[in-house]
4 protein chains.
Amino acid sequence: MRADAQRNRERILDAAEEVFARHGAAASTEEVARRAGVAIGTVFRHFPAKDDLLTAILKRLLARLAEDAAALGGADGLHTFFTRLVARAAARRTVVGLAGVDVPEAVGRLGDAVGELLRQAQAAGTVRRDVQRPEVMALLVSVCQGALHGGWDEDLQARTLAVVFAGLAA
Amino acid sequence: MRADAQRNRERILDAAEEVFARHGAAASTEEVARRAGVAIGTVFRHFPAKDDLLTAILKRLLARLAEDAAALGGADGLHTFFTRLVARAAARRTVVGLAGVDVPEAVGRLGDAVGELLRQAQAAGTVRRDVQRPEVMALLVSVCQGALHGGWDEDLQARTLAVVFAGLAA
Amino acid sequence: MRADAQRNRERILDAAEEVFARHGAAASTEEVARRAGVAIGTVFRHFPAKDDLLTAILKRLLARLAEDAAALGGADGLHTFFTRLVARAAARRTVVGLAGVDVPEAVGRLGDAVGELLRQAQAAGTVRRDVQRPEVMALLVSVCQGALHGGWDEDLQARTLAVVFAGLAA
Amino acid sequence: MRADAQRNRERILDAAEEVFARHGAAASTEEVARRAGVAIGTVFRHFPAKDDLLTAILKRLLARLAEDAAALGGADGLHTFFTRLVARAAARRTVVGLAGVDVPEAVGRLGDAVGELLRQAQAAGTVRRDVQRPEVMALLVSVCQGALHGGWDEDLQARTLAVVFAGLAA
DNA sequence: AATGAATGAGGATTCATTCAT
DNA sequence: GATGAATGAATCCTCATTCAT
């Protein structure tokens with residue numbers, strides 16, 4: 001792949017993330033092309049169908065989250081990650097959970113990273129021993145979705161997370 | 001013919017709830033008409049724009065939930081309502097939180113009913129005193145959205161709710 | 001025909017004249033029914049097709065004009081009629097010339113009345129002898145249409161008619 | 001592919017002029033596409049809304065008329081233009097005065113051209129000094145509309161114009 | 001006779017996708 | 001590889017007309 005093709009690919013992904021975040025998955029591919037500064041044909045050359053574009057965004061997003069999570073650790077790593085993620089969802093209407101798109105391995109890697117944070121938190125005594133990874137992931141997704149759809153302010157975010165954290169606490 | 005029209009209205013709402021639940025708000029109005037067994041014009045006679053139909057569904061759904069909540073009470077009322085709602089969301093892909101639709105009073109009534117359940121739970125000592133209504137609502141929405149998008153099984157539902165309930169507990 | 005049926009017929013015609021005058025022939029029959037204060041079925045009982053309604057309006061309008069014309073006479077009868085008609089067209093966006101509708105006899109009667117005015121004007125020496133009825137009718141229709149589409153003010157009406165009258169003068 | 005697009009744009013305009021002239025502004029955009037030999041999407045790519053198409057036709061028509069007028073002159077320029085225009089209206093059911101469409105500058109340019117013809121005719125003594133541009137324009141529009149709606153034959157056109165010309169004459 | 005609910009064809013518009021340049 | 005014009009299926013919505021009550 002040529003260098004400019006690679007650069008276009010990134011620009012398209014950036015534009016798509018922004019556009020779909022702002023207007024939902026129903027936003028038009030033309031709009032993505034426009035914001036990326038390329039022609040519509042270029043978008044379809046890189047992503048043969050709209051769904052491929054959505055999938056690619058989600059994949060990249062999950063990969064970044066996994067990286068983020070992997071960079072954290074210690075007693076409060078899980079809490080920090082959780083809080084940060086929710087704040088981002090509430091603030092930026094992130095594209096978490098674009099309906100109809102499945103990216104098993106990416107989700108898997110994120111799950112692993114979160115699992116590690118959980119292990120460390122439990123080792124440090126910050127989280128109860130009988131809590132398991134699936135429900136932590138479930139809560140993560142839930143609260144992000146809730147924040148996304150509800151437009152919470154900072155205060156409500158904090159109070160809601162406080163309940164969840166109390167539920168996780170030893 | 002007032003009776004016929006009323007019956008059609010209900011059939012359209014039922015059909016719409018089903019169709020939009022299954023395929024999301026992007027499903028076509030034509031599909032709703034087909035499932036309701038009426039012509040497309042009839043749908044638009046009752047709901048002049050697609051949005052009116054979505055709003056009507058959401059309104060009815062919220063009203064039913066408020067009724068449900070109002071029928072409960074006691075130490076475990078809140079927990080029961082919470083659990084039931086999540087189960088329903090996971091099972092039926094309910095239309096909670098249809099984007100772009102606002103039904104303030106309906107939401108308000110549901111909030112009141114939940115607030116009452118919270119009060120009783122706190123009176124019974126099942127829920128901590130410093131928990132407030134907004135975060136309870138936020139958690140409710142969150143976990144429903146999570147269940148909706150995640151396709152949880154019963155076990156995961158139970159474990160996730162266990163964390164939330166522990167967080168609410170005195 | 002029952003008395004109330006007759007009354008409804010008139011009310012529908014009045015409403016239709018107003019509605020079509022305001023919004024053009026593309027206005028909806030429902031709107032006519034609404035303004036007439038009857039149900040849509042009633043409109044269609046009296047006028048089986050929209051076109052029948054348009055025709056009926058035009059017929060009534062032409063009949064009234066013929067009456068008007070017949071009530072005039074003398075040296076200035078034609079001029080008066082001409083002026084009055086144009087003023088009305090400009091002011092009320094009358095339904096003169098609803099496309100696609102033909103009402104030969106009504107047009108004929110109006111033509112006769114105008115012909116009579118012409119004859120009298122020529123007898124009085126106000127109008128040239130070699131002017132014939134068809135071009136008078138043509139000018140009448142033309143200037144009404146022009147006024148209708150152009151939204152002329154009083155001054156422009158006057159000046160335009162002045163040219164036409166000069167052209168007709170002996 | 002700029003050339004192709006331009007060619008299509010012209011074909012669409014030609015088709016639209018014909019279709020709307022024949023069936024009025026209510027004719028369907030599909031029909032225009034069909035006659036132009038393009039797909040419906042192509043029409044909407046060039047003219048995002050039906051109104052844009054109508055406006056474009058009118059603009060082009062007025063521009064052509066202004067050119068026509070500008071090419072004439074002398075004692076009989078105004079009369080020639082007038083006569084030619086009416087003949088065309090009667091023959092081709094031109095789209096003069098499409099309701100709801102406003103193209104001020106195009107109208108302005110035509111007005112200027114007609115004004116110049118008027119000036120020359122007055123200089124040559126063919127038209128009275130006290131006649132002004134507005135009523136000339138008004139008569140022009142009127143007689144075209146009349147011819148349009150009335151379906152005049154050549155003889156009636158001539159006789160009607162004769163009256164108007166007599167009215168303008170010195 | 002009147003009512004107004006139901007019908008369904010028709011029309012404007014959007015948008016994912018293809019393909020000639 | 002990029003461009004952007006063309007395609008045409010799909011969708012929302014309107015409205016003349018019919019018909020059960």
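Here is the naming used below: chain letters follow the sequence lines, and residue numbers restart at 1 for every chain. Computed over heavy atoms, backbone and side chain alike; hydrogens, waters and symmetry mates excluded.
- Phosphate proximity of F/dG1 to A/H46: absent, as no side-chain N or O sits under 4.0 Å from OP1 or OP2.
- Side-chain N or O atoms of B/K50 include none that pairs as donor or acceptor with a backbone N or O of B/F44 at under 3.5 Å.
- Of all heavy-atom pairs spanning B/T42 and B/N8, the tightest one is CG2-ND2, 4.3 Å.
- The phosphate of E/dC15 (OP1 or OP2) has no side-chain N or O of A/T29 nearer than 4.0 angstrom.
- For E/dA5, neither phosphate oxygen OP1 nor OP2 lies less than 4.0 angstrom from any side-chain nitrogen or oxygen of B/T42.
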Report summary line: Output field dot_bracket for DNA chain E (Watson-Crick or G-U, both distances under 3.5 Å, | for other-strand pairs) contains .||||||||||||||||||||
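- Between A/N8 and F/dG1 there is no side-chain N or O to OP1 or OP2 distance below 4.0 Å.
- The shortest distance between the side-chain N/O atoms of D/R45 and the OP1/OP2 oxygens of F/dA5 is below 4.0 Å.
- For the pair D/H23 NE2 and E/dG10 P, the computed distance is 15 Å after rounding to whole Å.
- Taking atom CG of B/L54 as the reference point, atom C1' of F/dT11 lies 14 Å away to the nearest angstrom.
- When the C1' atom of E/dA1 is taken as reference, atom CZ of C/F44 falls 17 Å away, rounded to whole Å.
- Note: CG (D/D4) to C1' (F/dT7) measures 14 Å, nearest angstrom.
- Backbone-only contact: C/A49 has heavy atoms under 4.0 Å from sugar-phosphate atoms and none from a base.
- Taking atom CZ of A/R34 as the reference point, atom P of F/dG4 lies 12 Å away to the nearest angstrom.
- Contact record, A/A16 with A/I57: CB-CD1, 3.4 Å, taken as the closest heavy-atom pair.
- Taking every side-chain heavy atom of C/K50 into account, F/dA16 is the closest of E/dT18, F/dA16, E/dG8.
- If you measure from atom CZ of A/R7 to atom P of F/dA2, you get 10 Å, rounded to the nearest angstrom.
- Nearest-nucleotide positions on DNA chain E place C/G41 closer to the 5' end than the other of D/E30 and C/G41.
- Exactly one residue among B/R9, B/R35, B/R60 makes a side chain to side chain donor-acceptor pair (under 3.5 Å) with B/D14. That residue is B/R60.
- Side-chain proximity of D/A39 to F/dT7, F/dG4, E/dC15: nearest is F/dT7.
- Put simply, CD on D/Q6 is 15 Å from C1' on F/dG4, counting in whole angstrom units.
- Within 4.0 Å (heavy atoms only), C/A27 reaches sugar-phosphate atoms of the nucleic acid but no base atom.
- Summarising the geometry of A/D52 relative to A/F47, their closest heavy-atom pair is O-CD2, 3.9 Å, with the distance given to 0.1 Å.
- Residues B/V19 and B/R22 fail the side-chain proximity criterion, which asks for heavy atoms closer than 4.5 Å.
- Of the two residues contacting DNA chain E, namely D/I40 and A/P48, the nearest-nucleotide position lying further toward the 5' end is that of D/I40.
- Distance from the side chain of A/A5 is smallest to F/dG1 among E/dG4, F/dG1, E/dA16.
- Contact detail for C/S142 and D/G146: the closest heavy-atom pair is OG-CA, 3.4 Å.
- Taking each heavy atom of B/H46 and B/P48 in turn, the nearest pair found is O-CD, 3.7 Å.
- B/R9 has its CZ atom 12 Å from the P atom of E/dA6, to the nearest Å.
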